[in-house]
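Convention: sequence-line order gives letters A, B, ...; per-chain numbering from 1.
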Amino acid sequence: MRWSNTFIPTLKEDPQDAEAISHKLMVRAGLIRRLTAGAYIYLPMGYRALRKAEEIVREEMNAGGGAELFMPALQPPELWKKTGRYDDMGDVMIKYTDRHGKEIALGPTHEEVVTDLVSREVRSYKDIPLILYQIQTKFRDEVRPRFGVVRSCEFIMKDAYSFDADVEAMEASYKKMYDAYCRIFKRCGVPYVAVEADPGLMGGTVSHEFMVPSKMGEDRIIICSQCGYAASTEVAGASSKDDRKKDPEKPKNIEEVSTPGLSTAMDVSKFLKVDPRDLIKTLIYIADDEPIAVLVRGDHEANETKIKNKLSAKTLELADEEKVKEVTGGDMGFSGPVDLGIRIYGDDSVKNMVNAVAGANKKDTHLVNVNPGKDFKVHQWMDARIITETDPCPKCGSDIELKQAIEIGHTFKLGTKYSEPLNAKFLDEKGKECLIIMGCYGIGINRILASLIETSCDKDGIIWPVSIAPCEVVVIPVKREDEDLFSEAERVYEELCEAGVDVILDDRKKTIGVKFKDADLIGFPGQVIIGSKGLKEGKVEVKSRATGENSFVDKDKVVESVKAILGD
RNA sequence: CGGGGCGUAGCGCAGCUUGGCUAGCGUGCCACGUUCGGGACGUGGAGGUCCUGGGUUCGAAUCCCAGCGCCCCGACCA
């Protein structure tokens, strides 16, 4: 490929609408351009990297027993109504009415479509196990598209679905996919961590998220330094032990105190000069239309995922100001568990608190010396909070680290969540009709690129691994106008092409500085520099983008040294 | 959806507070010449609905009103 024949608009300056490093670099390096919020054009260099990532995914999915197919983005909403996800998806699903007045949805994912397909075609236990996958465009009307290609409204996803006769077989398929994911991310050079996660809307019992630690990540994970346990903060078990070194006090009697305008735990804690850990935060939620209260300690955050799961609630929303007033009789920020006429769920760490501070359900008033058991009863104690960095590892008790991370893949054990409503059954050996046990597995291809760049760049630009670099090597003639030099560059270029190296020839009539800067910015793993000085001695320079190491090699031995740099 | 910010040449920005000559700077682009191993230099040139619409005014990039678009924080989310 010749530079002049392709389209690589690089930029000297950061685009003003980009914040994330990966976003800035992808735009500057001429990989992408924004069309509108959450929708990006992949320019030739970006598209090449994307396709290489796709190809790795394809190879490993095939190796894991997957069969590729391709399903439409246009989907009938009826399927979504059958599984109940039409409402669950809400406005995330993009819908329109066609000329016949029929509603059409743009697929945000394909569980419904693929399960419907399988329900029609699979009859016998002999037809399964089956793993179907596709690499296809998904549409989601995101509340907030962000960080360039990290969260966009239109993106490329590899989605796979496994269909098995029983749970054991599904576990085997799950394992195959899990292993394939590990191979995929390793080959793509992204430093991933597989964590236990919440299945969320997808359903099922167990799921794993494949995360890449990064400041730009939208999710938080914990990693144990000792045993290596890793989990999303949404599911990681928080300790129920009291982490305070304090002599036990005798419970005293409740007193009211005036706390004018102090509605946050921090404000109250400062004003009353008490440790936030002596505060009880009372959050009013609406769980499936029923108002409930959730108690967590002043320094903790409620974990809506855990609460939702423990209550088996379909929806869980924080009550608004009006609702709080109606339910508690007090203003928002002054709610407390004492004399509260609704179900109260308490986080385990609240259970043994003594003489705590809580809201009084009364304007500008808090209560001191509140004691669980004595002053209020809870319906159920549970782990209802988000794990913190000071918590011990839920598995081994050692110290844990908290990190932000980008989710690049997610695997789910679905069970019969989709096969049941969509009637995906098969006849077993005994002629008995059984529901198919499913699993599903997603990878955000765009996010492979973004998270790779996020974690692999320097001040000069991107540092690609050979596996998904837009091109493996760039050949740079120092002076385009020097015909001898350029024809030597062309010769080297041809030779590399013939040797099967993915190479681009920078044949632009630009000064050498520009070409070096662009090569570093885009980040081709290998650079071959043809200059007149070296050429006089029959040598060309071969340089590694990652290490900066260079060597002058005999011009007849370019292919070998390039391959050495590429790690072949 | 709530809070904040931005919108002026392809890109990055100044000008706006206090309205007033032909709307500027850097970079990029075109031509010619000189350069040529880390974003070269000179000369000449092209490129603008100052986001849109309305209003105030003798006069609006600048002031007022409405709308649109984009980014960030939050809420939300596979």
Please report the C-alpha distance between Lys138(A) and Glu154(A) in whole Å, then the side-chain angles of each, then the deciding distance to 0.1 Å, and finally whether the salt bridge (charged side-chain N to carboxylate O under 4.0 Å, His left out) criterion is met.
CA-CA 6 Å; Lys138(A) 300 283 183 272; Glu154(A) 177 179 341; over 6 Å; no
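- Checked against rC73(B), rC36(B), rA40(B), the side chain of Glu481(A) finds its nearest nucleotide in rC36(B).
- Each of rG39(B), rC72(B), rG37(B) was ranked by its minimum atom distance to the side chain of Asp518(A); first place goes to rG39(B).
- The base of rG38(B) lies close enough to the side chain of Lys543(A) for a donor and an acceptor atom to sit less than 3.5 Å apart.
- Of the P atoms belonging to rG7(B) and rC51(B), the separation is 8 Å, rounded to the nearest Å.
- Using a 4.0 Å cut-off between charged side-chain N and carboxylate O, Glu490(A) and Arg2(A) make a salt bridge.
- In summary, Asp347(A) and Arg385(A) engage in a salt bridge, as defined by a charged side-chain N under 4.0 Å from a carboxylate O.
- Regarding contacts with the backbone of rC73(B), a side-chain N or O of Arg146(A) is found under 4.0 angstrom from either OP1 or OP2.
- At a cut-off of 3.5 angstrom, the base of rG12(B) holds no donor-acceptor pair with the side chain of Asp14(A).
- rG48(B): no Watson-Crick or G-U partner with both key distances under 3.5 Å is found in any strand.
- An OP1 or OP2 oxygen of rG12(B) is reached within less than 4.0 angstrom by no side-chain nitrogen or oxygen of Lys12(A).
- Note on Pro108(A): a base of the nucleic acid sits closer than 4.0 angstrom, heavy atoms only.
- Base pairing of rU43(B): its partner is rA31(B), meeting the Watson-Crick or G-U wobble criterion (both donor-acceptor distances under 3.5 Å).
- Comparing atom distances between the Ile529(A) side chain and each of rG37(B), rC70(B), rA40(B) picks out rG37(B) as nearest.
- Nearest to the side chain of Val143(A), among rC6(B), rC1(B), rC72(B), sits rC1(B).
- Nucleotides rC64(B) and rG19(B) have their C1' atoms positioned 13 Å apart, rounded to a whole Å.
- Base pairing annotation: rU62(B) forms no Watson-Crick or G-U wobble pair, as no partner gives both donor-acceptor distances under 3.5 Å.
- Nucleotides rU17(B) and rA60(B) place their C1' atoms 15 Å apart, quoted to the nearest Å.
- Taking the P atom of each, rU62(B) and rA46(B) are spaced 27 Å apart, rounded to whole Å.
- Among the heavy atoms of the strands, none lies under 4.0 Å from Glu234(A).
- The interatomic distance linking Leu318(A) (CG) with rG74(B) (C1') rounds to 13 Å, in whole Å.
- Using a 4.0 Å heavy-atom criterion, one finds that Gly531(A) contacts the bases of the nucleic acid, with or without backbone contacts as well.
- Of the charged side-chain nitrogens involved, none lies within less than 4.0 Å of a carboxylate oxygen, so that Arg146(A) and Glu19(A) do not count as a salt-bridged pair.
- Atom CE of Met93(A) and atom P of rC77(B) are 16 Å apart (whole Å).
- Taking a pair to require two hydrogen-bonding distances under 3.5 Å in either a Watson-Crick or a G-U wobble arrangement, rG38(B) remains unpaired.
- Each of rC76(B), rG39(B), rG38(B) was ranked by its minimum atom distance to the side chain of Leu521(A); first place goes to rG39(B).
- The nucleotide rC25(B) finds its pairing partner in rG12(B), both defining distances of the Watson-Crick or G-U wobble pair being shorter than 3.5 Å.
- Comparing the same atom, C1', in rG48(B) and in rG38(B) gives a spacing of 34 Å after rounding to whole Å.
- Atom P of nucleotide rG37(B) and atom NZ of Lys536(A) are separated by 11 Å, given to the nearest angstrom.
- Salt-bridge check for Arg34(A) with Asp17(A): passed, with a basic side-chain N closer than 4.0 Å to an acidic carboxylate O.
- Nearer to the 5' terminus of RNA chain B, by closest-nucleotide assignment, is the contact made by Pro15(A) (compared with the other of Phe147(A) and Pro15(A)).
- The CD1-C1' distance, from Ile512(A) to rC41(B), rounds to 18 Å in whole Å.
- Checked options Val540(A), Ile565(A), Val553(A), Ile476(A); the residue passing with Val528(A) is Val540(A) (criterion: side chain to side chain contact (heavy atoms under 4.5 Å, CB included)).
- Pair assignment for rU56(B) gives none, since no Watson-Crick or G-U wobble pairing has each distance under 3.5 Å.
- rC68(B): Watson-Crick or G-U partner is rG7(B), with both key distances under 3.5 Å.
- Rounded to whole Å, the C1' atom of rC13(B) lies 14 Å from the corresponding atom of rG28(B).
- Only the C1' atoms considered, rG15(B) is 16 Å distant from rU22(B), to the nearest whole Å.
- Contact check, Thr511(A) against rU35(B): no side-chain N or O comes under 4.0 Å of OP1 or OP2.
- Rounded to the nearest Å, the gap between the P atom of rA61(B) and that of rA75(B) is 42 Å.
- Both Ala37(A) and Lys308(A) sit near RNA chain B, but only Ala37(A) has its closest nucleotide nearer the 5' end.
- Thr36(A) comes within 4.0 angstrom of sugar-phosphate atoms only, judged by non-hydrogen atoms across all strands, and of no base.
- In this model, a side-chain donor or acceptor of Arg28(A) finds a partner on the base of rG39(B) within 3.5 Å.
- Protein atom CG of Asp88(A) is 16 Å distant from nucleotide atom P of rC76(B), rounded to whole Å.
- Residue Gln16(A) places no side-chain atom within donor-acceptor reach of the base of rG7(B), judged by atom type and a 3.5 Å distance cut-off alone.
- Lys510(A) has its NZ atom 17 Å from the P atom of rG38(B), to the nearest Å.
- You'll find that the side chain of Lys517(A) is closest to rG38(B), out of rG38(B), rG37(B), rC71(B).
- We find that Arg85(A) and Glu112(A) are joined by a salt bridge, their nearest charged nitrogen and carboxylate oxygen being less than 4.0 Å apart.
- Taking atom CG of Asp17(A) as the reference point, atom C1' of rG7(B) lies 11 Å away to the nearest angstrom.
- Each of rA75(B), rC11(B), rG69(B) was ranked by its minimum atom distance to the side chain of Glu13(A); first place goes to rC11(B).
- Picking from rC72(B), rC36(B), rC76(B) the nucleotide with the shortest atom distance to the side chain of Arg144(A) gives rC72(B).
- Glu407(A) comes within 4.0 angstrom of the backbone, heavy atoms only, and of no base.
- Look at NZ on Lys24(A): it is 11 Å from P on rC72(B), rounded to the nearest Å.
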Using salt bridge (charged side-chain N to carboxylate O under 4.0 Å, His left out), reason through Lys325(A) and Asp331(A) one step at a time and then give a plain yes or no.
CA-CA 6 Å; Lys325(A) 252 186 183 157; Asp331(A) 284 351; 3.6 Å; yes
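- Ion pairing between a basic and an acidic side chain is recognised when a charged N comes within 4.0 Å of a carboxylate O; Arg491(A) and Glu488(A) show such pairing.
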